Amino acid sequence: MTATSANSSAQLLQGLRAIVGDKACMEAADDMQPFTTDYRKLYHGKALAVVLPATTQQVSEVMALCFRHGVPVVPQGGNTSLMGGAVPDAAGDAVVLNLRRMNQVQEIDVVNDTMTLSAGVTLQAARAAAQEAGRLFPLRIGSEGSCQIGGNLSTNAGGTAVLRYGNMRDLTLGIEAVLPDGRIYSSLRGLRKDNTGYDLKQLFIGSEGTLGIITAAVLKLMPLPGATAAAWIAVRDPHAAVELLTEAKRVAGQAVTAFELISGPALTLVLESMPQLSAPLPETHDWMVLIELTSGGDAEGLDAMLMGILEQGLERGLVTDAAIAASLADTRAFWQLREEISDAQTRTGGSIKCDISIPLSKIADFIAEASAQVLALAPDARMVIYGHMGDGNVHFNPLRPKDMAAAEFLAQNYARVSHAVDGLATRQNGSISAEHGIGVAKRDDLLECKSPVELELMWQIKRALDPGNLLNPGKVLPGAKGLV
Ligand code: S2G
Ligand code: ZN
């Protein structure tokens, strides 16, 4: 580092401390480590500093200071990105800006059915605040205790209730964001209709912190469900699951809130790593579905619809067994099994994550073809396949065999297996990232699934809003500054 740059860094650090306060500005590598290593411990970066601003004004001043110094900024919420999207690279020239101190529930308007939150509110706290006000904030993902609303927005998070309520893009009425030069964009209005020019908020939602730092949002609230019915169902195969879903939508329509596919190896993985949990059905099955129906309050009608769906499923040979939740405790037990699949993979290590969405009419054939291709490449891989079949999204996550170390399995298979699965999804007009975003992990794969026009348009937007490429550089967009 030259004397000038050392002097400039010293000035920058001094300026950061002056804005956020000494305690909210970390510079020691050990202190910064939790903020520079990703959730899956696959990416280990370095940073000039980690700052934790308490207000939008502080975020604005930090951004303006870094903009003047030409220093990159990596925005970070709960750091639960699975794609390495929220940590700096190894260059060590960036500032990590973590939003966890901005955890205020600013307003809940039960007449307008909206709540205004600062970006650092965890999803769990957001859902609790809505519940306390007699409303539902329906975004539901396993990492809700640590992921934050800002990160949910920047990755357009989906989760297990998208089938009924949509993803973050659908649940957001307005946002506030800080631009690379420190200017503050705000559309914090709780309007369901506002056709006054470009819908700018949608540029920032899903942009993974590469266009602006989301600092607050106005989110939609839904009525609390009055009745819930759920079942853990053994199905013949994914084709049967799709037919059962079609029947469920015919019988129950909007009441179908979730329809999750779970492969046998996915359930086995959870039960192995959490022996205190028990399987809902006596036998093991290759394919299962967790279905959840909710409605305003007619529990009997809901139960009758669920029974009708199951009877049809049995009659048509789609369903081979089922456990029906007799209480909310049963429903929660089913969901715990489903939601533990992700952490069970993290604990086991050696998971190749392919977060695929495919038109529902093709998803069963995709699963069959992708499975055949993966087993040809890695015959002993455990086929952990699960997720939100209801909205066409499956987590196709081949996992290391028990007798192979994670590092060895990933070294041998990560590139070729994810390339095969993503390539098949692309050829089926599917997406290689349904809900987890791109980050670093999938960045270069975009070269094979996005048209040159799509990539150029994204770079044109990036150059328009962040010409210095200071916000989360190296994430999402392949190629150097648009030279694709
Ligand atoms: C899920 C979580 C991430 C993973 O459980 O629905 O989105 O591990 C996933 O694939
Ligand atoms: Zn998911």
Side-chain angles (χ1 to χ4, degrees), residues 54-57 59-60 77-78 99-141 144 147-179 184-207 212-228 253-258 292 294-298 391 435:
T55 65
T56 301
Q57 186 52 36
V59 173
S60 168
L99 289 125
R100 73 178 182 200
R101 288 180 67 207
M102 294 176 64
N103 57 3
Q104 297 76 27
V105 175
Q106 297 181 17
E107 181 198 17
I108 293 185
D109 181 339
V110 290
V111 174
N112 197 42
D113 277 328
T114 52
M115 66 176 170
T116 305
L117 304 175
S118 297
V121 173
T122 64
L123 175 57
Q124 192 172 58
R127 285 170 58 85
Q131 173 114 20
E132 213 170 291
R135 294 290 184 277
L136 171 72
F137 180 62
L139 190 81
R140 200 169 57 179
I141 48 183
E144 68 173 30
C147 68
Q148 297 170 9
I149 289 299
N152 297 150
L153 284 156
S154 77
T155 58
N156 183 30
T160 56
V162 168
L163 175 57
R164 171 77 176 274
Y165 297 107
N167 51 29
M168 276 307 267
R169 226 178 260 295
D170 307 304
L171 295 170
T172 305
L173 293 174
I175 66 161
E176 176 189 72
V178 173
L179 302 176
I184 300 171
Y185 156 75
S186 178
S187 62
L188 289 179
R189 294 179 290 274
L191 304 174
R192 282 167 175 75
K193 288 185 172 177
D194 178 7
N195 269 345
T196 50
Y198 296 104
D199 188 354
L200 295 173
K201 70 178 179 295
Q202 294 297 358
L203 269 180
F204 298 99
I205 297 173
S207 66
I213 303 179
I214 295 175
T215 47
V218 182
L219 304 176
K220 292 178 189 172
L221 294 177
M222 306 296 172
L224 275 173
T228 299
Q254 275 287 330
V256 185
T257 302
E292 183 184 77
T294 60
S295 74
D298 172 12
D391 56 60
E435 58 177 11

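If you read the sequence from its start, that first residue is 1, and numbering goes on from there. Just so it is clear, the values below take in all heavy atoms, side chains as well, and ignore hydrogens, waters and symmetry mates. What you see is a predicted model, and the numbers here were worked out from it, not measured in a lab.
Between the side chains of T215 and E176, at least one donor N or O sits under 3.5 Å from an acceptor N or O. No hydrogens or angles considered: a donor-acceptor pair under 3.5 Å links the side chains of T257 and T294. Using modelled atom types and a 3.5 Å distance limit, the side chains of S118 and Q104 yield a donor-acceptor pair.
Using a 4.0 Å cut-off between charged nitrogen and carboxylate oxygen, D113 and K220 do not count as a salt-bridge pair.
Side chains of I205 and T172 form a contact here, defined as non-hydrogen atoms less than 4.5 Å apart. In this structure, the side chains of D109 and M115 stay at 4.5 Å or more apart for every pair of heavy atoms. F137 has its side chain out of reach of I108: every pair of non-hydrogen atoms, C-beta onward, lies at least 4.5 Å apart. Here the side chains of Y165 and L136 are in contact, with some heavy-atom distance below 4.5 Å.
Residues forming a salt bridge (charged side-chain N to carboxylate O under 4.0 Å, His left out) with D298 (at least two apart in sequence, or on another chain): none.
Counting only distance, with no hydrogens or angles, the side chain of R164 and the backbone of Q254 share a donor-acceptor pair below 3.5 Å.
The shortest heavy-atom contact between V218 and R189 is CG2-N, 4.0 Å. Nearest heavy-atom pair across L224 and R135 is CD2-O, 3.4 Å. Of all heavy-atom pairs spanning R100 and N103, the tightest one is O-CB, 3.7 Å.
Residues in residues 153-162 take part in these side-chain hydrogen bond (donor to acceptor under 3.5 Å, both in side chains) pairs, two or more places apart or across chains: R140-T160.
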